[in-house]
Amino acid sequence: MSISRHFVLAAGGTGGHMIPAHAVAEELMARGHHVALVTDERGAKIPGIFDKAPDNRAQVHVMPAGRMTKNPASWPGALKAILAGRAMARRLNETFRPTAVVGFGGYPAMPALLGALADGIPTAIHEQNAVLGRVNRLLAGRVDAIATAYPDVQRLKSGYAGKVHLIGNPVREEVKALREEEFPALTDESVFRVLVIGGSQGASILSSVVPEGLSMLPIALRRRLQVTQQCRAEDIERVRKVYAEMEIPADLATYFNDVPEKLGWSHLVIARAGASTLAELTCAGRPAILIPLPSAMDDHQTANAKEMTEAGGARTIPQARFTAVELAKQMQKMALEPGALQNAAKRARNCGRPDAARDMADLLESIGKAPIMNDPLKVGPTPTSLNLQGVPA
């Protein structure tokens, strides 16, 4: 009879938290373990994440997650939601009997981790960014293990060094597969493919600056361009018109569900510096021009970009200096110097940590309590998905 364990993964409802959680869930389930996800309404609705888990073995539980802002008026409601989520998490623990609970950041992770701590269940947190996030900062001192995506993480106390593990940021298998492929062939005559991705908060400025910047490139380079760009709905027709006037072939959309495929044939990526974006760029080995989102909490995107930029795999342009002229200048340096893009791709790849999901699963197995036999008579009933907020689980 095979040995199986149960793990609870808790993640805030954004792709930056959910994608790593999904990658680790797939790794754990491939090992024969059972997984339950705790998230919020947004996380439960993200397409292509836990709805495509192997054999549909991942349970999804929507729990309340209070968000405490600087406004004291928000505190009573947030505390009430956190306590309600903690109570739900403890009920899940009673029926699902996890051997470990891991939080991937975001407010939905807090109730799950608080419930695990109350029940004496081993706990871990995973930090995707180069600055420890708010929820992870609150709980770092109490958990058993801290997994990081970068060797240098700001706001992580030195006293926690004994339980810190450099894991990397888990990526989807489709991205990991790109690591085995060669950088797309590029000659002075071939099509030059540019991928522009920015997320809902980042796409607007990219839509304003990138088309103008590309229009300033030397005509010989401009005629070779093929652009794939994410745009906000309110920007997309304006951007399409600009590219048409410049006679630059452009594929525009508000959302791409096949980013790994597009990343695979791209020669250069222009993007924000979110944790998942950086992990995918470095895993695949794709050079980039990065424009960190200045409003990101603790300016963590600038910190995220540091490793890849210092290694020579990317060029970082602060948003205050992100102009069409500056973009055109940086693109010419990367595109027109012989071998520059290929060299940057290799340096980006050297920053990648493709085994992050495997290593994170190893860590969770190592801190988990005694394994549970995969026997319905011994594991107790499998709970139906808990949901206080009326979201289908």
Side-chain angles (χ1 to χ4, degrees), residues 174-175 177-179 181-199 202-233 235-273 277-278 280-291 313-315 317 322-346 348-349:
E174 302 95 312
V175 175
L178 296 176
R179 194 169 179 85
E181 299 181 6
E182 295 290 335
F183 184 72
L186 184 64
T187 68
D188 292 341
E189 307 299 326
S190 61
V191 173
F192 184 81
R193 298 184 180 92
V194 179
L195 176 62
V196 186
I197 47 177
S204 186
I205 190 169
L206 299 183
S207 294
S208 298
V209 174
V210 173
E212 184 181 356
L214 298 186
S215 74
M216 296 179 178
L217 295 174
I219 190 168
L221 176 58
R222 192 168 72 241
R223 286 177 173 171
R224 295 168 48 207
L225 291 175
Q226 181 175 312
V227 179
T228 300
Q229 182 165 347
Q230 178 191 21
C231 301
R232 283 187 173 183
D235 297 331
I236 195 165
E237 291 307 320
R238 173 182 58 81
V239 176
R240 182 174 284 117
K241 182 179 179 182
V242 172
Y243 281 127
E245 291 173 350
M246 291 191 294
E247 298 183 339
I248 294 176
D251 175 19
L252 309 180
T254 57
Y255 178 77
F256 294 118
N257 57 12
D258 58 347
V259 169
E261 179 182 349
K262 289 177 167 50
L263 189 62
W265 46 249
S266 297
H267 297 108
L268 176 67
V269 179
I270 301 173
R272 288 299 197 186
T277 298
L278 269 293
E280 293 181 347
L281 289 171
T282 55
C283 185
R286 292 297 180 270
I289 293 176
L290 303 172
I291 305 90
R315 293 171 182 262
I317 305 176
F322 183 55
T323 63
V325 172
E326 182 65 19
L327 175 63
K329 183 173 84 172
Q330 296 299 336
M331 281 194 66
Q332 288 182 73
K333 288 181 179 179
M334 299 183 78
L336 298 180
E337 293 179 7
L341 278 172
Q342 291 86 342
N343 183 52
K346 291 178 182 179
R349 190 179 185 277

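Listed for the R232 side chain is no donor-acceptor partner under 3.5 Å among the backbone atoms of T254. Judged purely by atom type and a 3.5 angstrom limit, R224 has no side-chain atom pairing as donor or acceptor with the backbone of F192. Judged by distance alone, the side chain of R272 and the main-chain N or O of I291 form a donor-acceptor pair under 3.5 Å. A donor-acceptor contact shorter than 3.5 Å links the side chain of R286 to the backbone of L263.
Of all heavy-atom pairs between S215 and M246, the closest is CB-SD, 2.9 Å. The two atoms that bring M334 and A288 nearest to each other are CE-O, 4.1 Å, heavy atoms only. The two atoms that bring L327 and G213 nearest to each other are CD2-CA, 4.3 Å, heavy atoms only.
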Show your reasoning for whether side chain to side chain contact (heavy atoms under 4.5 Å, CB included) applies to V210 and Y243. CA-CA 10 Å; V210 173; Y243 281 127; 3.6 Å; yes
Verify side chain to side chain contact (heavy atoms under 4.5 Å, CB included) between M331 and L214, making sure each step is shown before the conclusion. CA-CA 9 Å; M331 281 194 66; L214 298 186; 3.3 Å; yes
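In this structure, L341 and L268 have side chains that are in contact, with non-hydrogen atoms separated by less than 4.5 Å.
Heavy-atom contacts from other residues, nucleotides or ligands closer than 6.0 Å to CD of E245 number more than 12. In this structure, R223 places its CZ atom where only 12 or fewer heavy-atom neighbours from other residues, nucleotides or ligands lie under 6.0 Å away.
Of the listed residues (I270, V269, I317, L281), just one forms a side-chain contact (heavy atoms from CB on, under 4.5 Å) with L290, and that residue is L281.
Residue pairs meeting the side-chain hydrogen bond (donor to acceptor under 3.5 Å, both in side chains) criterion with at least one partner in residues 255-269, sequence neighbours excluded, are D258-K262.
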